[in-house]
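First comes the structure, then the notes that go with it.
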Amino acid sequence: MRLDASGKVSLDHIYTAPDPRTYFQVLRPLGYCVPQLAKPYFDKLIKEYRETEHVAVPSVLDIGCSYGINAALLKYDATMDELYARYDGSGPATRAGLLERDRDLSRSRSPAHALRFTGLDASADALAYAHEAGFLDSTVNADLEANDPTPAQRGRLAGTDLVISTGCIGYVTERTLTRVVRAQDGRLPWMAHFVLRMFPFDPVEDALAELGYRTTRVDEVFKQRRFAGPQEQQGVLDSLAAAGVDGSGLEEAGWLYAQLYLSRPQHR
């Protein structure tokens, strides 16, 4: 088992396959569930944004979107259980067959929300699948930790109403979020980020405050997934201790946990 610098097991390979089967088949035994737990909070925020800002079809940017999981859940009211069953290996054997079936889903199911979804991710393969399947309307294949967006990427980021994520903050930092906001030419999209407890959000909150945001943390904690084994659990507990976070009753019991941070313009 190879651990990354945070103490988590490295699962890089599940994000770069040509279709989502590896992703779901690796994560299913670990009980990965944070997109499902995040769904009602995102639903509520989207509804509030639509009513407050009078935007009929909000544009959502999902950072670290992988295969468009959040888009499938929010646009088409899919569930994680449905997606796990969909990619369990018993269906079409080829990428083309999976895409055909997924396009049928995105065409036949009335959208639960009128949304435009853009995915930002470093994996070109995951983005390509999500876009071809109809989950994502637009994609940005970029590493905004290292680089400013190109003019074309900036154009696709512009006009974002809401920015969401379910686990990438910590690997993605305030550098990416600042670059996303600066691509809006003065507009401040609302944000909702589910962040693993071992990653301090203070640097992100401080950077967003300088741009005109006020951030609040939801009191509840949210399961992300089970640990892949004792080595990963100990690595994460060590990272939590280093960050001054007590894992008693939570990570010590065998699950990774996230917290939800909501950031909105100061005038809201």
Side-chain angles (χ1 to χ4, degrees), residues 12 15-18 20 42 45-46 49-50 53-72 74-75 99 103 106 111 113-193 195 201 203-213 215 261-268:
D12 292 349
Y15 302 102
T16 56
F42 291 154
L45 191 68
I46 290 165
Y49 185 90
R50 183 181 281 120
E53 300 297 322
H54 308 291
V55 175
V57 184
S59 293
V60 180
L61 176 68
D62 186 4
I63 300 180
C65 66
S66 69
Y67 296 92
I69 312 307
N70 288 321
L74 292 166
K75 283 177 68 176
L99 276 173
R103 289 191 195 106
S106 58
H113 290 292
L115 297 170
R116 176 174 175 78
F117 248 92
T118 297
L120 169 62
D121 205 281
S123 171
D125 290 309
L127 288 173
Y129 188 92
H131 189 234
E132 291 176 50
F135 299 155
L136 296 177
D137 301 289
S138 179
T139 64
V140 179
N141 180 212
D143 177 2
L144 299 187
E145 287 296 290
N147 305 295
D148 286 324
T150 66
Q153 291 167 348
R154 187 181 177 95
R156 288 194 288 275
L157 293 169
T160 296
D161 294 307
L162 300 111
V163 180
I164 65 172
S165 68
T166 48
C168 69
I169 302 296
Y171 303 100
V172 166
T173 72
E174 65 275 10
R175 289 189 291 274
T176 289
L177 295 183
T178 297
R179 284 170 166 146
V180 166
V181 173
R182 287 177 177 159
Q184 309 307 315
D185 294 325
R187 296 174 66 256
L188 296 180
W190 294 15
M191 298 194 185
H193 300 291
V195 183
F201 197 71
V204 176
E205 183 174 349
D206 291 345
L208 292 178
E210 290 182 10
L211 295 172
Y213 282 91
T215 295
Y261 294 86
L262 301 171
S263 299
R264 306 187 200 194
Q266 291 275 9
H267 63 274
R268 289 298 176 196

List the atom of A130, the atom of G68, and the distance in Å for their closest heavy-atom pair.
CB-N, 3.7 Å

Walk me through whether H193 and I169 qualify under side chain to side chain contact (heavy atoms under 4.5 Å, CB included).
CA-CA 7 Å; H193 300 291; I169 302 296; 4.1 Å; yes

Nearest-0.5 Å distance, CH2 of residue W190 to CD1 of residue I164:
14.5 Å

Give every residue pair that meets the side chain to side chain donor-acceptor pair (under 3.5 Å) criterion with at least one member in residues 126-138, sequence neighbours excluded.
K75-D137, R95-E132, D102-Y129

Who passes side-chain contact (heavy atoms from CB on, under 4.5 Å) against D185, sequence neighbours left out?
R154

Side chains of V140 and L157: closer than 4.5 Å at any heavy-atom pair?
yes

Could you walk me through whether L188 and L208 pass the side chain to side chain contact (heavy atoms under 4.5 Å, CB included) check?
CA-CA 10 Å; L188 296 180; L208 292 178; over 6 Å; no

Between atom CG of N141 and atom CZ of R156, what is the distance when rounded to the nearest 0.5 Å?
9.0 Å

Identify, with sequence neighbours excluded, every residue that meets salt bridge (Lys or Arg N to Asp or Glu O under 4.0 Å) alongside R175.
E145

Under a 3.5 Å distance rule, please check whether Q266 uses its side chain to pair with a backbone N or O of Y213 as donor and acceptor.
yes

With sequence neighbours excluded, tell me which residues meet side-chain contact (heavy atoms from CB on, under 4.5 Å) with V57.
A114

Just wondering, do D12 and T16 contact through their side chains at under 4.5 Å, heavy atoms?
no

I need the full list of salt bridge (Lys or Arg N to Asp or Glu O under 4.0 Å) pairs touching residues 157-174, with sequence neighbours left out, sorted by first then second residue.
D161-R187

Run the numbers on V60 and L74 for side chain to side chain contact (heavy atoms under 4.5 Å, CB included), then give the verdict.
CA-CA 10 Å; V60 180; L74 292 166; 5.7 Å; no

Counterpart residues, side chain to side chain donor-acceptor pair (under 3.5 Å), relative to T215 (two or more places apart):
S263

Minimal non-hydrogen separation, T160 against Q184, with atom names
N-OE1, 3.0 Å

Do you know the tightest heavy-atom contact between P58 and I46?
CG-CG2, 4.4 Å

With side chain to side chain contact (heavy atoms under 4.5 Å, CB included) as the test, would you mind laying out the steps for V163 and I63 before giving the verdict?
CA-CA 7 Å; V163 180; I63 300 180; 3.5 Å; yes

Donor-acceptor contacts, no H, no angles, side chain residues 115-128, under 3.5 Å, sequence neighbours left out:
unit_1 : atom_1 : unit_2 : atom_2 : d
D121   : OD1    : S123   : N      : 2.8
D121   : OD2    : C65    : N      : 3.2
D121   : OD2    : S66    : N      : 3.0
S123   : OG     : Y15    : O      : 2.5
S123   : OG     : A126   : N      : 3.1

What pairs with A56 under side-chain contact (heavy atoms from CB on, under 4.5 Å), at least two apart in sequence or on another chain?
none

By salt bridge (Lys or Arg N to Asp or Glu O under 4.0 Å) - contacts of D148 (at least two apart):
R179

If a pair satisfies ring pair (Phe, Tyr, Trp, His ring centres under 6.0 Å) and one of its residues is in residues 153-175, list it, with sequence neighbours excluded.
Y171-F199

With sequence neighbours left out, the residues meeting ring pair (Phe, Tyr, Trp, His ring centres under 6.0 Å) with F135 are none

When rounded to the nearest 0.5 angstrom, what distance separates CG in N70 from CG in L136?
10.0 Å

Which atom names give the shortest non-hydrogen contact between G159 and S59, and what distance separates them?
O-CB, 3.5 Å

Under a 3.5 Å distance rule, please check whether Q153 uses its side chain to pair with a backbone N or O of A142 as donor and acceptor.
no

Closer than 3.5 angstrom, by distance alone: can the side chain of R103 be matched with the main-chain N or O of G134 as a donor-acceptor pair?
no

Would you list the pairs meeting ring pair (Phe, Tyr, Trp, His ring centres under 6.0 Å) in which at least one residue belongs to residues 140-167, sequence neighbours left out?
none

Does any part of the side chain of R264, heavy atoms only, come nearer than 4.5 Å to the side chain of L45, both counted from C-beta?
yes

Which distance, rounded to the nearest 0.5 Å, do you find between the CG of L61 and the OG of S165?
9.5 Å

